[in-house]
Amino acid sequence: MSKVLEKCVYTQLRDYYQYWNYLTPDQSGFRPNHSTTTALLKVCNDIQAGMEQGNLTGAIFLDFAKAFDTVDHGILLEKLKNSGIGDRTLTWFQSYVSDRSQYVSISGSSSLPLPVTCGVPQGSILGPLLFTIFINDLPNVCKASTVHMYADDTVIYTSKPNLPQLEAVLQEQFTEVEKWIKNNKLFLNTDKTVTMLFGTAPKLHKLQNPHLCVGTISNGTLTTVTSLKYLGMWLDPNLSFGPHIEKLSSKLYPKLGALYRNKSCLSPAVRKQIVQQMLMPAIDYGDVVYAAAPQTHLHKLTTLYNSFCRFALQCNYMNHHCDMLKQLNWPSLESRRTLHLSSLVFKSISGKLPPYLNRLLPPAAPSSYNLRSRTSTLLAIPQYKKTVARPHFPTEHHNYGITSQTPSNLPPVLSHSKFPY
């Protein structure tokens, strides 16, 4: 009964905030039509847009210490009240979060219960939404930079023409964030809170010391890293996604080796199912983000994919990959990425993407000519000054609107005069 009641309260509270558009658009966690992939697309697009303008982009990746378990109940209730929740409803929420206890049970032995004085209830339906409301006003203190959050995974970033300006803005913003964290009784793990500097290779090469110097209130300095795992994807200063593909390959090849050692126990149908359900999701994750990576990096994934096919069919290295794909009835990796990109654009047209991505796919200007495709949904193709910025969303690989001249490097299935919707 408690879960049913929580679900009812959750639905009403969620609908109330959606109706009044209260929740910040910079939060991608626990929201419909949002995901880690959409958050990655937003952050990477903004960084690549800075590269297109010839700027450097500095980012601070915040690491909260047990964020869900340190939510202060008094501050949470105050924020609920400020968002328009009435006194009688506040009384219910106060009862919901208070008078709870927790204990540890191991092998039939249990510890003594201790009262829970802070934090949202673990495993609850309302917990994630309450945490979202608690952290909702964090972007308000960062007026000179951009903030994006996925639950408590928070990144603050901005683009400037040179390093001194960038460091000055980030220092000012981080000081305000530290004050907000202190006022809300949260805790920041400064050892794991790091900075990262993004830019084109020539731009970074001109710097004598390509590091960000951002200090903390406790007179420490945040560490600058050259690679970082953010929402399951490894980022590098040039956004080439080379480290991500390298680490992905180093993780999947040992798994494939273990499967090869046990291949005598597996039937062909089971081998095929293992590849589709256990190995391929790792490659498919975020492929719309790294779809425009250099071919030297993408080729490593193609080689890995061919190894998956050989395992499924028990073929040797003399078999051509086209014959294996045909026998398995599987598409190539490039076709899989094209399909996922097509799905992304279709979701945008259908209004099933977050607003921060929908506005990055503008419709094409109406043509004065009486074309057969005049009634179709066409998207504008942006122009770029620099080749390195083509991954900027939407890239020529991401863009499916067709103007009078279609770039020759579009995937073949998308090179028609009309998008097949």
Side-chain angles (χ1 to χ4, degrees), residues 18 21 23-29 31-53 57 146-150 155 157 159 231 233 239 241 284-293 334-367 371-421:
Q18 286 181 350
N21 198 26
L23 298 180
T24 174
D26 299 317
Q27 173 65 264
S28 294
R31 304 181 72 176
N33 301 328
H34 293 66
S35 65
T36 54
T37 300
T38 62
L40 281 165
L41 278 172
K42 170 66 166 64
V43 173
C44 292
N45 170 77
D46 291 345
I47 295 172
Q48 289 160 344
M51 294 182 186
E52 163 69 9
Q53 297 170 2
T57 300
T146 304
V147 178
H148 201 83
M149 301 177 288
Y150 188 90
V155 56
Y157 56 94
S159 296
L231 298 180
M233 181 164 289
L239 284 190
F241 300 103
D284 289 340
Y285 175 73
D287 59 354
V288 293
V289 182
Y290 66 76
E334 183 180 0
S335 297
R336 291 176 74 98
R337 288 192 292 268
T338 300
L339 176 62
H340 297 156
L341 291 166
S342 304
S343 176
L344 183 77
V345 176
F346 178 74
K347 288 180 180 179
S348 176
I349 295 173
S350 305
K352 294 182 179 180
L353 277 184
Y356 55 74
L357 289 187
N358 276 329
R359 60 174 171 262
L360 296 178
L361 285 166
S367 175
L371 302 175
R372 287 182 297 172
S373 60
R374 197 169 183 177
T375 59
S376 302
T377 302
L378 304 179
L379 301 176
I381 294 181
Q383 300 296 323
Y384 300 104
K385 298 178 181 178
K386 301 178 181 179
T387 305
V388 72
R390 287 189 176 181
H392 171 37
F393 184 91
T395 66
E396 292 178 334
H397 290 86
H398 289 78
N399 177 52
Y400 302 106
I402 306 300
T403 57
S404 58
Q405 292 185 351
T406 304
S408 59
N409 62 340
L410 278 175
V413 70
L414 303 174
S415 298
H416 306 297
S417 62
K418 187 186 296 185
F419 192 64
Y421 285 147

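Residue numbers start at 1 and run along the sequence shown. Just so it is clear, the structure is predicted and the values come from calculations on it, not from any experiment.
Side-chain contact between K347 and L357 is absent, with no heavy-atom pair separated by less than 4.5 Å. I47 places a side-chain heavy atom less than 4.5 Å from the side chain of V43. Taking 4.5 Å as the limit, every side-chain heavy atom of L360 sits out of range of all side-chain heavy atoms of L41. Counting heavy atoms from C-beta outward, Y356 and D46 have side chains that stay 4.5 Å or more apart.
Under the side chain to side chain donor-acceptor pair (under 3.5 Å) criterion, Y290 pairs with no residue, sequence neighbours left out. Applying the side chain to side chain contact (heavy atoms under 4.5 Å, CB included) test to T24 and every residue at least two apart in sequence or in another chain returns D26, Q27, N136, P139, M149. Not counting sequence neighbours, the partners of S159 by the side chain to side chain contact (heavy atoms under 4.5 Å, CB included) test are N55, T57.
Of the possible donor and acceptor atoms, one in the side chain of S350 sits under 3.5 Å from a partner among the backbone N and O of F346. A distance-only check finds no donor-acceptor pair linking the side chain of H340 to the backbone of T338 [under 3.5 Å]. Side chain of S343 to main chain of L339: no donor-acceptor pair is present (N/O by atom type, distance under 3.5 Å, no hydrogens or angles).
Annotation for V289 and C44: closest pair CG1-SG, 3.9 Å, computed over non-hydrogen atoms. Nearest heavy atoms, P354 versus N33: CD-O, 3.1 Å. What you find for P32 and Q18 is that their closest heavy atoms are CG-NE2, 3.8 Å. Nearest heavy atom pair, residue A291 against residue L341, reads CB-CD1, 4.0 Å. When every heavy atom of S28 is checked against every heavy atom of Y150, the shortest pair comes out as O-CE1, 3.4 Å.
Annotation: the span from L361 atom CG to L353 atom CG amounts to 7.5 Å, rounded to 0.5 Å. Taken to the nearest 0.5 Å, the CG atom of D287 stands 8.0 Å off from the CZ atom of R336. Between the CG atom in N45 and the CG atom in L40 there is a gap of 12.0 Å [rounded to 0.5 Å].
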